[in-house]
Amino acid sequence: DAVDAAASLIKRADPAALAMKYELPLSDDPNKFLAAVARKRGRLKRGGVADVTKASIDVLRDFAKGEVKFFVRPPAKEASVNNAEIVAQLSEAFDPTKMDAEVL
């Protein structure tokens, strides 16, 4: 569904980039934002009702063309745990014949 895809994009996109691109104040509700985009672009149904579906297709098309900047911040780097051990001797050498016998 184009409306759901555009709504999730609006939730995760940079609010300043969206406001600048569409010259609209960003709303907390993606559906209200899509309705404002529809009115601004003249995407209206009969009776002057905003066509949110066509507006969401416009937003997705703008994203696909690279006109809407979107990125996801990488997760915070966690402290790595060092599990190194000092061993007294090496383990047994790898023998592929034993591996085949175990698998079969």
Practice task
Using the rule that two of Ile, Leu, Val, Met, Phe, Trp, Tyr join whenever any of their side-chain heavy atoms come within less than 4.5 Å, decide whether F63 and L24 are in one cluster.
Solution key: yes

Handout entry: Transitive ILVMFWY side-chain link I57 to V3, under 4.5 Å
Key = no

Completion exercise
Nearest heavy-atom approach of A55 to V37 is CB-CG1, 4.2 Å

Handout entry: Single-linkage hydrophobic cluster M20~L18, side-chain heavy atoms < 4.5 angstrom
Key = no

Handout entry: D28 atom CG, neighbour heavy-atom count above 12 within 6.0 Å
Key = no

Exercise for the section: Specify the closest pair of heavy atoms between A50 and A35, including all atoms of both residues, with the distance to one decimal. Expected result: CB-O, 3.8 Å

Handout entry: Co-membership, hydrophobic cluster, residues Y22 and L60, 4.5 Å side-chain
Key = yes

Exercise for the section: Taking atom NZ of K54 as the centre, report whether more than 12 heavy atoms of other residues, nucleotides or ligands fall under 6.0 Å from it. Expected result: no

Fill in the blank from the handout: Between the CG atom in L34 and the CZ atom in R43, the distance rounded to the nearest 0.5 Å is 12.5 Å

Handout entry: Side chains of D1 and T53 in contact at under 4.5 Å (non-hydrogen atoms)
Key = no

Fill in the blank from the handout: Only one of D51, L44, V49 passes side-chain contact (heavy atoms from CB on, under 4.5 Å) with R39, and that residue is L44

